[in-house]
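Below is one structure, written out as structure tokens; comments come after it.
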Amino acid sequence: MTSITESRLTSRLGALAERGEKALGMFVTSGFPDLDATSDVLRAIDAGGADFIELGMPFSDPLAEGVPIQRSSARALAAGVTMERTLAYARAFTQDSETPLLLMGYGNPVMQYGISNFFRDARSSGVQGVILPDVLPDPDSPFFRAASEYGVNTVCLVSPTTPDARLDFIDELSSGFVYAVSVTGVTGTDKGDADPILAYLRHVKERISRNPLLVGFGIRSADDVRSMVSAADGAIVGSALVDLVGACWDNDAMPRDEKLATIENFVRELKSGTRV
Amino acid sequence: MTESTATYALPDVRGYFGDFGGSFVPEILVPALEELTAAFEEAKHDPSFQAQYHGLLRDYVGRPTALTFAERLSEHLGGGRIYLKREDLCHTGAHKINNAIGQILLARRMGKTRIIAETGAGQHGVATATVCARFGMECIVYMGAEDIERQKLNVHRMQLLGAEVRPATSGSQTLKDATNEAIRDWVTNVRDTFYIIGSVVGPHPYPAMVRDFHTIIGREVKEALEAKEGRSDPDILIACVGGGSNAIGLFHPFLDNPSVRCIGVEASGEGLDGRHAATLTLGRPGILHGALSYLLQDSEGQVDLAHSISAGLDYPGVGPEHAWLKQSGRVEYLSATDDEAMFGVKLLSETEGIIPALETAHAIAGLARIAPDTAADQLIVLNCSGRGDKDMQTIAGAL
């Protein structure tokens, strides 16, 4: 893992940086709210102008997630989502779109699929990167070895508690970008006052040299995005989108086109926050 | 708490017992786990910490606990001489307090002000609430909403001791989900919060640390057997295994002597073809709650719900050291059903006048299978990990 894997993800983020624009990443859970929705939801996010998409691989015990993503995962599992389906959604999406797609989830479903098989199939499904918040960076771990073998980016996380020496280590092992968790907490958490977060982001940004820095957790609006990208290369929105998708699908009176348009407009609005 | 024995020195520096263990946690927790590892290593070698820990075990918990010769039970089963290690006589009614004492002393040493814990049946919650009251510390216990209903008495005990019991309403609303909630709390409040895990599970260093706080059980057995029988090492050790803390506490000081046969008994609930909690018997390696160990799960790696009449064994995971001890063949693992456990409760109650916890009753059921085949001069030690008062409602319902 000595060289950063050049991927469509890294070139997309590089191109944005060249024209002085910040990146918007959007997270949505695979198979949520039902199995028929995911492909359409991904296209709506893409149409709204997301720079990359993280497709969540549901797990029964997602310990880094707040309530919105916990519930979306449970709902997707109840709907019958499997790893195979998630990879099929990824394949279908990446065949039609140049927008980089990443998979995000927990170690155990990947381990049970077979770590090497997972990275092989992710690669052949057009997946650019993988984010596993409970798999710590370790060049000798089977996860990192397989990712390297199949040329899939491994996006690692840093948090406000991460000491400087570890920031260097994570920057070394991360590829695609480094994912800064805005505050100590789970996804969808209330991130509170922006100033200490911006100070922390500026510090990390200064410290790392190999990867762009994107920030996530608790970012819910275009204003949040605008504020956060003043100190980072981009922002990631997950729980707010998952809440919106859930609300649209729970509204039986709303026609499907309108649900998808609502999602597309929300992403477009968030994206406006990246063009300062 | 003692040094690891001479030849058995696991986990390795990365926290692995062979293929099992490690640390699978959000990055936020990495510095906290490193800090905890360092603090624990330091405390282990600090005579003042040792004196404080052992002083509390003696004067507050009531250690050493008795090693009781089970005369009528031995006669009834018709094999070797059976001894009971009486952890049921510990303050709060089970072995769990040994670990709670050790961890709260560490928390104080590390300057943490807020304590969180998870609990299933409520025994670890009660032990944690107890030591928090003893040291005047804030205590929040996560407990599945379902378990709060099933174990009302222990909820009242925790509240009386000043703890806040927070219902875990996600997922199956049992111990697994209470553990998820406790980890989410820790991720959020990591700077001032100490997470007292209740079994030999979780990320490194917890499995080794919780074990070391319970090895007092096995070491006291050695001393007492030497005095009573003229030999420190018995032929057979037997204990129940949920997460596995009481079993590892009993087995660990004997693992270097291959002539000591160690037997762990899991809960097979309604039977191995029904709903059960026999993780080592029927699970596969997987990652849950920060460690790689055996796990009850479906083919997609989604965690299955466990079932046992005993809330303390109702957990789909197991400590990584047990996974290693199974793989290496050093420990045998059996299972006992809900019905067999009820038989075990009655057997010990009627032959010895000791009402065991439903968890312990699984070990008694295993013992009843093993003991008749042993010779009269063989020594068997069963860890009587807890008393059955807390289970009287369940027991009355099942009889």
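Reminder, nothing fancy here: chain letters follow the sequence lines and each chain counts from 1. No hydrogens, no waters, no symmetry mates; every other heavy atom, side chains included, goes into these values.
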Do you know which of [options] has the most heavy-atom pairs with chain A at a distance under 4.5 angstrom?
options	result
Pro26(B), Gly171(B), Gly290(B), Gly22(B)	Pro26(B)
Asn189(B), Ile183(B), Val30(B)	Val30(B)
Glu181(B), Gln297(B), His289(B)	Gln297(B)

Q.
Pairing donors with acceptors under 3.5 angstrom, does anything connect the side chains of Gln112(A) and Glu300(B)?
A. no
Between [X] and [Y], is there a donor-acceptor pair closer than 3.5 Å when you use the side chain of the first and the backbone of the second?
X	Y	result
Arg184(B)	Ala64(A)	no
Asp134(A)	Val25(B)	no
Thr161(A)	Ile28(B)	yes

Q) Given Met111(A) and Leu292(B), is the side-chain contact (heavy atoms from CB on, under 4.5 Å) satisfied, shown in steps? A) CA-CA 10 Å; Met111(A) 182 182 166; Leu292(B) 200 168; 4.0 Å; yes
[X] versus chain B, heavy atoms under 4.5 Å apart: side chain, backbone, both or neither?
X	result
Phe59(A)	both
Pro137(A)	side chain
Leu77(A)	side chain
Val110(A)	neither
Tyr179(A)	neither
Val183(A)	backbone
Pro109(A)	both

Once rounded to the nearest 0.5 Å, what's the spacing between atom [atom1] of [X] and atom [atom2] of [Y]?
X	Y	atom1	atom2	value
Leu29(B)	Ser159(A)	CG	OG	8.5 Å
Arg191(B)	Thr184(A)	CZ	OG1	5.0 Å
Arg14(B)	Leu136(A)	CZ	CG	11.0 Å

Q. Who in residues 186-202 of chain A is close to chain B, using a strict under-4.5 Å heavy-atom cut-off?
A. Val186(A)
**Q.** Contacts of residues 81-91 of chain A with chain B (heavy atom under 4.5 Å)
**A.** Thr82(A), Met83(A)
Q. Tell me, side chain or backbone of Thr179(B) under 4.5 Å from chain A's heavy atoms, or both, or neither?
A. neither
**Q.** Side chain, backbone, both or neither of Pro203(B) within contact of chain A (heavy atoms, under 4.5 Å)
**A.** neither
Q) Looking at Val181(A), Asp61(A), Leu157(A), Thr162(A), which one has more heavy-atom pairs under 4.5 Å with chain B than the rest? A) Asp61(A)
Q. Can a salt bridge be assigned to the pair Glu27(B) and Arg166(A) using a cut-off of 4.0 Å between side-chain N and carboxylate O?
A. yes
Q: For residues Asn108(A) and Leu295(B), determine if any side-chain heavy atom of one lies less than 4.5 Å from a side-chain heavy atom of the other.
A: yes
